[in-house]
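Counting starts at 1 for both ligands and their atoms, following the listed order. The analysis underlying the following values was restricted to heavy atoms, covering all of them including side chains, and did not include hydrogens, waters or symmetry mates. Not measured: the values here are computed from a predicted model.
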Amino acid sequence: MEALLKLRAIFPENFNAQFYIDVINGLQSEPKHLDAKYFYDAEGDKLFQQIMNCEEYYLTDCEMEIFRQQTAELSEVIMQGGQPFDLIELGAGDATKSTHLLRDLIKQEADFTYLPIDISSHVISTLNATLPLSVPGLKIKGLQGEYFEMLKKAADISTNRKVVLFMGANIGNMPVADAEDFCEELRRNLNPGDMVLIGFDLKKNPETILAAYNDSEGITKEFNLNLLRRINRELGANFNVDTFHHYAMYDPETGSCKSYLVSLKEQVVTFPDGEEIHFKRDEYIWMEISQKYSLDQTKEFALRSGFKPVANFFDSKGWFVDAVWVAE
Ligand SMILES: C[S@@+](CC[C@H](N)C(=O)[O-])C[C@H]1O[C@@H](n2cnc3c(N)ncnc32)[C@H](O)[C@@H]1O
């Protein structure tokens, strides 16, 4: 508490106490880790855009192909007759893929409001400002905050049927057990008849997967290092990012792709309140998981969390699936 007051005095304008607590707790854990949701400050958003444009990062192309080439089929499954509905997108990012769906729904004269949810205020202010111009006729209400807090807020705003998009294989950014809990929590926040569309990256050739998280231009490395830079910028720490090496690995048995930052030397990182984090040489920070699934696993997820699988949309290579489930 004393430490927090001290930090607030140093950073009166933009000090994010929860960020500080999560960072210190993560770096004091064994093994050290950082929460991937903090990757996305304005700089992280930009780097993620570059990752999505990388040759090796196939995920965006696969899901983009689904949203471009199967738009009418997606609209049909989502609209379910003519009743008004709320289209909620969890972790909307730049909404490039969903924009194809939004345009088609407007063309089909669907009666809906788009509620993008994102923890990044930069993302939400940009979407609120730009989408009404690029998608004329769109009703939009961006919600900045955590997934479930904002989902509850969306339920308070209207009683319309909900259709929740959770794309970009964001569900893969949690260990399997957490992803199961996430689906259960999602179900608890919905009513029977509500719908979810979840993008899962499917298991495939391990080399293809690993390359996506270890691109030759080093953008993924910069994306990871940016979180250390963000901690320096916003929390006044003194990470020397040149002394950390980015390491990515994929285990085809478990389907887990993980990335780490490995300390190249023994060192101490300090925070303005005097907090010190010690690194041994070769000690790592676990930064991110990108879990890959089999199609059967996605079906099991639906059934065990109270959803009925109703449709699967695949890209032409069969590398990615947008699974549509209805709450029972
Ligand atoms: C990997 S990007 C994906 C963006 C988009 N869905 C896509 O498919 O291209 C993840 C987005 O989720 C947001 N995000 C991550 N964790 C979040 C959380 N716990 N609550 C709300 N938004 C979150 C990030 O800010 C980021 O914009």
Side-chain angles (χ1 to χ4, degrees), residues 16 18-19 22-23 26 33-54 57-68 74 87-102 114-128 130-131 142-154 163-175 178-179 181-183 185-186 189 196-201 212-213 215 219-220 223-224 226-227 230 234 257 259 287-292 313 315 319-323:
N16 178 341
Q18 194 57 53
F19 181 34
D22 290 347
V23 164
H33 68 86
L34 289 170
D35 192 328
K37 72 181 176 200
Y38 292 119
F39 278 132
Y40 302 92
D41 65 343
E43 192 55 33
D45 289 340
K46 259 192 255 160
L47 286 163
F48 189 69
Q49 299 278 332
Q50 291 177 31
I51 290 176
M52 289 199 295
N53 292 328
C54 269
Y57 195 78
Y58 60 84
L59 288 85
T60 312
D61 291 345
C62 290
E63 202 174 33
M64 183 68 95
E65 185 197 301
I66 295 171
F67 272 73
R68 271 216 179 109
L74 281 166
L87 184 64
I88 300 170
E89 183 165 1
L90 303 180
D94 65 3
T96 310
K97 287 169 283 182
S98 31
T99 297
H100 292 279
L101 177 66
L102 299 175
Y114 177 56
L115 300 147
I117 291 175
D118 208 288
I119 199 164
S120 160
S121 51
H122 171 250
V123 160
I124 293 301
S125 56
T126 307
L127 291 180
N128 273 335
T130 59
L131 272 189
L143 300 172
Q144 192 251 316
E146 287 276 348
Y147 297 137
F148 288 113
E149 266 170 57
M150 292 304 112
L151 199 53
K152 288 189 174 75
K153 202 163 172 185
V163 178
V164 177
L165 308 178
F166 192 40
M167 297 162 55
N170 278 17
I171 195 156
N173 295 142
M174 312 170 205
D178 292 3
D181 292 348
F182 183 92
C183 291
E185 176 82 8
L186 193 53
N189 278 280
V196 297
L197 176 150
I198 304 186
F200 289 92
D201 192 21
Y213 297 90
D215 64 281
I219 301 168
T220 317
F223 181 64
N224 278 267
N226 178 60
L227 181 44
R230 179 180 183 186
E234 293 184 24
C257 188
S259 63
M287 301 296 286
E288 191 179 31
I289 183 166
S290 304
Q291 181 67 35
K292 310 302 164 193
F313 293 88
D315 64 295
W319 283 2
F320 195 97
V321 64
D322 278 311

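Remark: minimum distance from atom 22 (N) of ligand 1 to any protein heavy atom is reached at Ile119 N, 3.0 Å. For atom 6 (N) of ligand 1, the nearest protein heavy atom (residue, atom name, distance) is Gly91 O, 2.7 Å. Residue, atom and distance of the protein heavy atom nearest to atom 25 (O) of ligand 1 are Asp118 OD1, 2.5 Å.
Ile117 and Ile124 make their closest contact through C-CD1, 4.1 Å (heavy atoms, listed as atom of the first residue, atom of the second, distance). Contact detail for Cys62 and Phe320: the closest heavy-atom pair is CB-CB, 3.6 Å.
With ligand atoms numbered from 1 in the order given, ligand 1 contributes 9 (O) to contacts under 4.0 Å with heavy atoms of Met52. Per-residue contacts place Gly145 under 4.0 angstrom from the following atoms of ligand 1 (heavy atoms of the residue considered): 20 (N), 21 (C).
If you look at Phe48 next to ligand 1, the close heavy atoms, those under 4.0 Å, all belong to the side chain. The proximity of Ala92 to ligand 1, defined as any non-hydrogen pair under 4.0 Å, is limited to the backbone. Contacts of Tyr40 with ligand 1, taken as heavy-atom pairs under 4.0 Å, involve the side chain alone.
Residue Gly168 has at least one nitrogen or oxygen atom sitting less than 3.5 Å from a nitrogen or oxygen atom of ligand 1, judged on distance alone. The distance criterion of under 3.5 Å between nitrogen or oxygen atoms is not met by Leu90 with respect to ligand 1. By the 3.5 Å distance cut-off applied to N or O atoms, Tyr147 is counted among the residues near ligand 1. Where the criterion is an N or O separation shorter than 3.5 Å, residue side chain and backbone included, Asp94 fails it with respect to ligand 1. Of the N or O atoms in Lys97, one or more lie within a sub-3.5 Å distance of an N or O in ligand 1. For ligand 1, the polar-atom distance check against Glu146 finds a nitrogen or oxygen pair separated by under 3.5 Å. The N/O atoms of Val123, backbone and side chain alike, include none that comes under 3.5 Å of an N/O atom in ligand 1.
How far CD of Gln144 is from CG of Asp118: 8.0 Å, rounded to the nearest 0.5 Å. Taking CD of Glu288 as the start and CG of Asp35 as the end, the distance is 10.5 Å to the nearest 0.5 Å. Leu197 CG to Leu90 CG: the interatomic distance, rounded to the nearest 0.5 Å, is 11.0 Å. The CZ atom of Phe48 sits 6.0 Å away from atom OG1 of Thr60, with the distance rounded to the nearest 0.5 Å. Taking CG from Leu143 and NZ from Lys153, the interatomic distance works out to 6.0 Å, rounded to the nearest 0.5 Å.
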*Can you list the steps and then say if Tyr40 with Phe223 is a ring pair (Phe, Tyr, Trp, His ring centres under 6.0 Å)?*
CA-CA 9 Å; Tyr40 302 92; Phe223 181 64; 5.6 Å; yes

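Judged by distance alone, the side chains of Asp94 and Gln49 do bring a donor and an acceptor atom under 3.5 Å apart.
Ring-centre distance between Phe182 and Phe148: below the 6.0 Å cut-off.
A salt bridge is absent between Glu149 and Lys152: the closest approach of a Lys/Arg side-chain nitrogen to an acidic carboxylate oxygen does not fall below 4.0 angstrom.
At least one heavy atom of Asn170 sits less than 4.0 Å from an atom of ligand 1. Using a 4.0 Å cutoff on heavy atoms, Met150 does not count as a contact of ligand 1. Within the structure, the closest approach of Ser98 to ligand 1 does not fall below 4.0 Å when heavy atoms are considered.
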